[in-house]
Amino acid sequence: MRRPLSQLPSYRALHAHAQKIRKHTLREWFAQDPKRFSMFSREQEHFLFDFSRNRISEETLDKLLALSGECEVETWRDRMFAGECINLTENLPVQHAALRDLEDATSSLAESQNRVLERMEALALQIREQGFTDVVHLGAGGSHLGQKLVCDAFCDEATPGLNMHFVANVDTTEIQRVLHGRVPHRTLFIVASKSFSTPETLSNAEIARNWLMQDDKAKESSERHFVGITAETERALAWGLQEHRVLPMWNTVGGRFSVWSAAGLSVVLYLGMPAFRELLRGAREMDRHFRNAAAGENLPVLLALLGIWNQHFLDTVAHVVLPYDMRLRYLPAYLQQLEMESNGKCVDRAGRALDVPDAAIVFGEVGTNAQHGFFQFLHQGGRAASCDFIGVVRPGRGHRSQHEMLLSNMIAQTRALMFGQTLEEACAQGDTACAEHKVFPGNRTSNTILLRQLTPYSLGQLMALYEHKVFVQGVLLDINSFDQPGVELGKKLAEHLLDDLQTADLDTDLDSATRALLAYYKKHA
Ligand code: F6P
């Protein structure tokens with residue numbers, strides 16, 4: 001059993017070191033050292049990773065790398081790739097990266113996955129030949145967030161004549177809005193649910209089935225309108241899916257990693273198999289980097305260590321994801337689940353209460369919209385947050401000059417956060433009225449990731465970069481990043497409360513607030 005993080009000598013050394021670091025500012029460091037950027041940036045294939053705007057010195061980096069060594073990050077990484085049962089609470093290996101290792105002749109998973117890819121391709125071809133114009137992907141949480149991110153990112157290059165929709169919420173507003181205006185006999189539903197028991201997904205599938213049954217043409221062969229993707233084939237068959245239209249998910253691949261599995265069928269349908277293979281290949285390249293690069297050069301390791309440094313030692317209150325590219329607008333939601341469902345846990349592997357912060361509070365929004373949303377808080381709020389700015393050098397579509405405006409905004413924000421503005425500087429601008437309101441504390445941390453261009457390959461790399469970052473942070477915290485028991489309690493209570501909502505009597509064991517809310521509902525329903 002490992003000692004808790006807070007008791008490790010390398011962690012304690014960081015605490016003492018942080019006291020020294022707090023006395024310095026980014027402004028001062030950049031003024032003193034013209035080589036700061038080259039010292040604290042790394043280039044990896046199509047990526048530039050700039051972490052020079054973190055409140056770190058060379059000594060900080062050395063100390064963080066010592067922490068990584070003491071926590072045996074490399075050993076855990078190798079255990080994951082070797083297929084050991086590192087998901088302790090579920091007694092399972094963690095195999096999402098293995099799904100991308102399609103050429104590993106020794107892996108039975110690679111063999112199965114290659115067969116699955118062939119089935120996906122054949123099914124996609126068949127579906128396209130059947131004349132569907134709309135595909136509705138039904139899936140909750142991890143069973144849709146990655147797929148939605150990828151499909152939306154490249155919608156400009158999608159299969160002509162095919163529209164893709166995603167429905168996750170049990171609130172029927174979402175599915176009703178999607179179904180409105182669709183032609184039933186031209187609409188296909190993908191039911192993606194690893195457990196095939198998620199109420200949101202199953203109730204939406206039921207609504208879809210009823211909608212099809214109301215259409216004379218569609219009802220004749222309604223089963224042709226569904227494809228299921230699940231690790232629970234029996235449940236999918238019992239629901240009424242046809243066996244040849246059910247693709248497998250593996251129980252060793254968590255829901256939030258499902259985009260690499262057969263649940264990536266939406267990507268294959270919408271963007272084509274070559275694009276899906278490129279996505280896998282990009283992620284594979286990041287796996288290779290993560291496995292082979294020395295810790296000080298290793299992007300996921302660096303990103304993870306910097307996150308821990310900011311949250312544990314410099315008291316940042318949140319981590320903000322800011323893609324400056326509309327094609328990445330669903331990245332914040334995807335990363336929110338990845339980081340917070342994986343590492344939002346208050347006990348370590350041994351079941352002991354954590355005495356250090358766990359997952360960062362992650363939120364984000366696409367730039368420049370975020371600037372007009374919550375940047376006031378980032379610049380002048382009393383509590384600091386760390387940010388990841390993500391930009392793409394080459395524009396997707398449209399005007400270069402507008403794209404340059406976008407990127408100049410991104411780079412300006414990182415500069416403004418870092419330098420801030422002193423009272424003298426505010427006054428020097430000529431407007432001395434209320435000058436103290438125009439003071440920006442500065443010294444605020446950010447990473448910048450620049451991709452040369454956004455392709456399925458580079459997006460695969462980016463997604464795998466964050467997956468491994470989250471994995472490394474889980475190792476540092478000594479928690480299991482691969483279960484999500486916290487989601488279960490609310491689900492169970494919802495089942496009981498549904499009975500209470502739908503029956504005349506209220507359960508007498510309920511607390512007063514719950515009873516009052518139910519009573520209010522019943523009175524006004
Ligand atoms: O939100 C909890 C969760 O268990 C996620 O991990 C998962 O991606 C999602 O629900 C959907 O689960 P399923 O794929 O089993 O429907």
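Owing to the predicted nature of the structure, the values given are computational and were not obtained by experimental measurement. One is the number of the first residue; the rest follow in order along the sequence. In listed order, ligands and their atoms are each counted from 1. Hydrogens, waters and symmetry mates play no part in the numbers below; they use all other heavy atoms, side chains included.
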Discussion item. Measuring from atom 6 (O) of ligand 1, which candidate in Gln484, Met249, Glu341, Arg256 has the nearest non-hydrogen atom?
Written reply: Glu341
Item to complete: Can you pull out the closest protein heavy atom to atom 11 (C) of ligand 1? Residue, atom name and distance to 0.1 Å, please.
Response: Ala140 O, 3.3 Å
Discussion item. Using a 4.0 Å cutoff against the non-hydrogen atoms of Gly255, which atoms of ligand 1 qualify?
Written reply: 8 (O)
Worksheet item: For Ser143 and ligand 1, does the shortest N/O to N/O distance drop below 3.5 Å?
Response: yes
Discussion item. Counting only nitrogen or oxygen atoms and a 3.5 angstrom limit, does Gly142 reach ligand 1?
Written reply: yes
Discussion item. Looking only at protein heavy atoms, which one is nearest to atom 15 (O) of ligand 1, and what is the separation?
Written reply: Ser195 OG, 2.6 Å
Fill in: Pairs where residues 124-137 contributes a residue and the test salt bridge (Lys or Arg N to Asp or Glu O under 4.0 Å) is met, not counting sequence neighbours
Asp134-Arg182
Worksheet entry | atom 13 (P) of ligand 1: nearest protein contact (heavy atom, Å) | Thr198 OG1, 3.3 Å
Discussion item. I'd like to know whether the aromatic ring centres of Phe374 and Phe363 sit less than 6.0 Å apart in this structure.
Written reply: yes
Response to the item:
The complete set of side chain to side chain donor-acceptor pair (under 3.5 Å) pairs with one or both residues in residues 168-180, sequence neighbours excluded, reads Asp171-Thr173
Worksheet entry | Element-labelled atoms of ligand 1 that are located less than 4.0 Å from some non-hydrogen atom of Ser193 | 13 (P), 14 (O), 15 (O), 16 (O)
Item to complete: Test the Arg245-Trp239 pair against the cation-pi criterion, namely NZ or CZ under 6.0 angstrom from the six-membered ring centroid and within 45° of the ring axis.
Response: no
Practice prompt. Taking the six-membered ring for Trp and the single ring otherwise, decide whether the centroids of His225 and Phe189 are under 6.0 Å apart.
Written response: no
Item to complete: Measure from the side-chain N and O atoms of Thr187 to the backbone N and O of Val183, and report whether any donor-acceptor pair falls under 3.5 Å.
Response: yes
